[in-house]
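As structure tokens, the structure follows; a few thoughts come after it.
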Amino acid sequence: RWEDAAADIRRARAVAPDDPEVIRAVKLFDNLGKSLADIRELDARLILSPQDFGLLCDRALLLLRSDDFDLALDDAESAAKLAPWAARPKLFAAIALVGLGRAGECEKLGVEPFIRLASLSPEFLETISRLDSEISAERNNAELYVSRAWQLNEIAQPHLALQDAANALHLDAKSAGACAEASYALTKLNRGDEAFAQIKQATDVDPNFSTAWQYRGELEMQRGDWVAAVDSLSHALAINATPGALQKREECYRRLGLLAQAERDHQALDAMRAR
């Protein structure tokens, strides 16, 4: 009932224009005005499809952009009940909770409390929406969970990423991608031994997974196992030569006192960057 709400705001402003609550409400309604046409369109669509979690998430996103954290939280929580497997409702609920000064409640959602809408790119929001929809249609597709885990690791949400990686491994125990994403998430959660076991599993399952070999090498560097790290990084470089892997192997060679090999990698790195 947006017209009634606008009328109430006008009356409140006329009666007490300097009241702090009136000032807050006027500012909120002004923010909503920028997205109101889109919100009303979603209102109409939700009347026809009240169980559509995607529409609820779309409206929650518009409300978050308007700084209406109360209404956004309502929509996100409703969407989460309809689609407990979806990521967007959890992320949007956490952003709303932060906006309401209730960041401590993010933990129960598996979301890190530093999350902010401004830190989520339009590309990420579009991709996570698509993956939620695809998972809704294909709940047993391991690769979809791996893809979403990668996205969640990219925005530093390791708890949610680990849940998706675990779901993928439950569906496909030989998913090297799921092992790698689990390893990334476990590292962020300071569970180093488990992280290394998962990345080792990834390279065992898929010996041609260059990214996994590189990350395995990086974890071996963190463990101070420079010889093993050289071997892993060499595997990665043999499959796909990247500046990152070359730079890491150069560091390992220097740690081992193998300066000629380090210099060779340094020159190769310079040549690669020059191209």
Side-chain angles (χ1 to χ4, degrees), residues 31-69 71-99 106 109-168 171 175 177-178 180-182 184-185 188 211:
N31 287 339
L32 280 168
K34 301 169 187 175
S35 301
L36 194 52
D38 292 331
I39 291 172
R40 295 183 70 163
E41 180 182 343
L42 288 168
D43 290 345
R45 294 174 65 186
L46 278 161
I47 289 173
L48 299 175
S49 304
Q51 304 299 306
D52 190 325
F53 79 93
L55 292 177
L56 284 167
C57 286
D58 290 343
R59 191 169 66 179
L61 178 57
L62 291 174
L63 292 166
L64 287 174
R65 287 172 173 160
S66 303
D67 293 335
D68 193 330
F69 302 115
L71 287 182
L73 183 61
D74 287 345
D75 275 355
E77 290 180 335
S78 295
K81 289 177 183 176
L82 292 169
W85 64 85
R88 272 206 307 170
K90 298 181 181 73
L91 296 173
F92 290 170
I95 293 168
L97 287 169
V98 171
C106 292
L109 300 171
V111 180
E112 300 297 324
F114 55 73
I115 190 168
R116 301 291 186 276
L117 184 59
S119 68
L120 304 181
S121 70
E123 293 77 15
F124 169 82
L125 291 169
E126 181 180 343
T127 300
I128 208 73
S129 173
R130 174 180 57 78
L131 287 169
D132 278 355
S133 296
E134 290 178 352
I135 288 172
S136 175
E138 297 183 66
R139 299 286 300 282
N140 294 323
N141 187 324
E143 284 307 305
L144 291 176
Y145 288 101
V146 172
S147 296
R148 194 170 67 180
W150 186 90
Q151 293 287 334
L152 293 166
N153 270 322
E154 284 292 291
I155 63 162
Q157 292 298 331
H159 287 97
L160 293 182
L162 186 58
Q163 289 176 20
D164 273 354
N167 283 333
L171 294 167
S175 171
E181 295 306 326
Y184 300 147
K188 294 293 184 183
T211 304

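- Taken from CG in Leu63 to CG in Leu32, the straight-line distance is 6.5 Å, to the nearest 0.5 Å.
- Applying the side chain to side chain contact (heavy atoms under 4.5 Å, CB included) criterion to Ser136, with sequence neighbours excluded, gives Phe53, Trp85.
- Closest approach of Ile128 and Ala87 over heavy atoms only: CG1-CB, 4.2 Å.
- Listed by chain and number, the residues in a side chain to side chain contact (heavy atoms under 4.5 Å, CB included) with Asn167 are Tyr145, Asp164 (sequence neighbours excluded).
- Closest of all the heavy-atom pairs between Leu109 and Ala94 is CD1-N, 3.7 Å.
- Smallest separation of non-hydrogen atoms from Val98 and Pro113: CG2-O, 3.5 Å.
- By the side-chain hydrogen bond (donor to acceptor under 3.5 Å, both in side chains) test, Asp132 is found to be paired with Arg148, residues two or more places apart in sequence or in another chain being considered.
- Taking the side-chain hydrogen bond (donor to acceptor under 3.5 Å, both in side chains) definition, one finds that Arg116 meets it with nothing, sequence neighbours left out.
- Residues Pro89 and Ala80 share a closest heavy-atom pair of CB-N, 3.6 Å.
- In this view, Asn141 and Glu138 satisfy the side-chain hydrogen bond (donor to acceptor under 3.5 Å, both in side chains) rule, not counting sequence neighbours.
- Listed by chain and residue number, Leu91, Leu120, Phe124, Leu152, Gln157 satisfy the side chain to side chain contact (heavy atoms under 4.5 Å, CB included) test with Ile155 (two or more places apart in sequence, or in another chain).
- Closest approach of Ala60 to Ala76, counting heavy atoms only: CB-N, 4.2 Å.
- Screening residues 79-98 for salt bridge (Lys or Arg N to Asp or Glu O under 4.0 Å), with sequence neighbours left out, gives Asp58-Arg88.
- One distance of note links CG of Leu55 with CD1 of Ile47; it measures 12.0 Å at 0.5 Å rounding.
- Looking at Ser49, its side chain never comes within 3.5 Å of a backbone N or O of Asp52 through a donor-acceptor pair.
- Heavy atoms only, all atoms of each residue included: Ala149 and Ala165 are closest at CB-N, 4.1 Å.
- In this structure Ser147 satisfies the side chain to side chain contact (heavy atoms under 4.5 Å, CB included) test together with Leu131, sequence neighbours excluded.
- Side-chain contact between Leu117 and Leu61: present, with at least one pair of heavy atoms (C-beta onward) separated by less than 4.5 Å.
- Within a 6.0 Å radius of CZ in Arg130, other residues, nucleotides and ligands contribute more than 12 heavy atoms.
- Considering CD1 of Ile39 and CG of Leu46, their distance stands at 11.5 Å, rounded to 0.5 Å.
- Residue Ile95 holds its CD1 atom at 4.5 Å from CD1 of Ile115, rounded to the nearest 0.5 Å.
- In terms of the side-chain hydrogen bond (donor to acceptor under 3.5 Å, both in side chains) criterion, Glu77 has no residue partners (sequence neighbours excluded).
- Looking at Ser133, its side chain does come within 3.5 Å of a backbone N or O of Ser129 through a donor-acceptor pair.
- Atom NE2 of His159 and atom SG of Cys106 lie 12.0 Å apart (nearest 0.5 Å).
- Judged as a salt bridge (Lys or Arg N to Asp or Glu O under 4.0 Å), the pairs with a partner in residues 31-41 (not counting sequence neighbours) are, in order, Glu3-Arg40.
- Not counting sequence neighbours, Arg65 has no partner by the salt bridge (Lys or Arg N to Asp or Glu O under 4.0 Å) test.
- Remark: Tyr184 pairs with Tyr215 by the ring pair (Phe, Tyr, Trp, His ring centres under 6.0 Å) rule, at least two apart or across chains.
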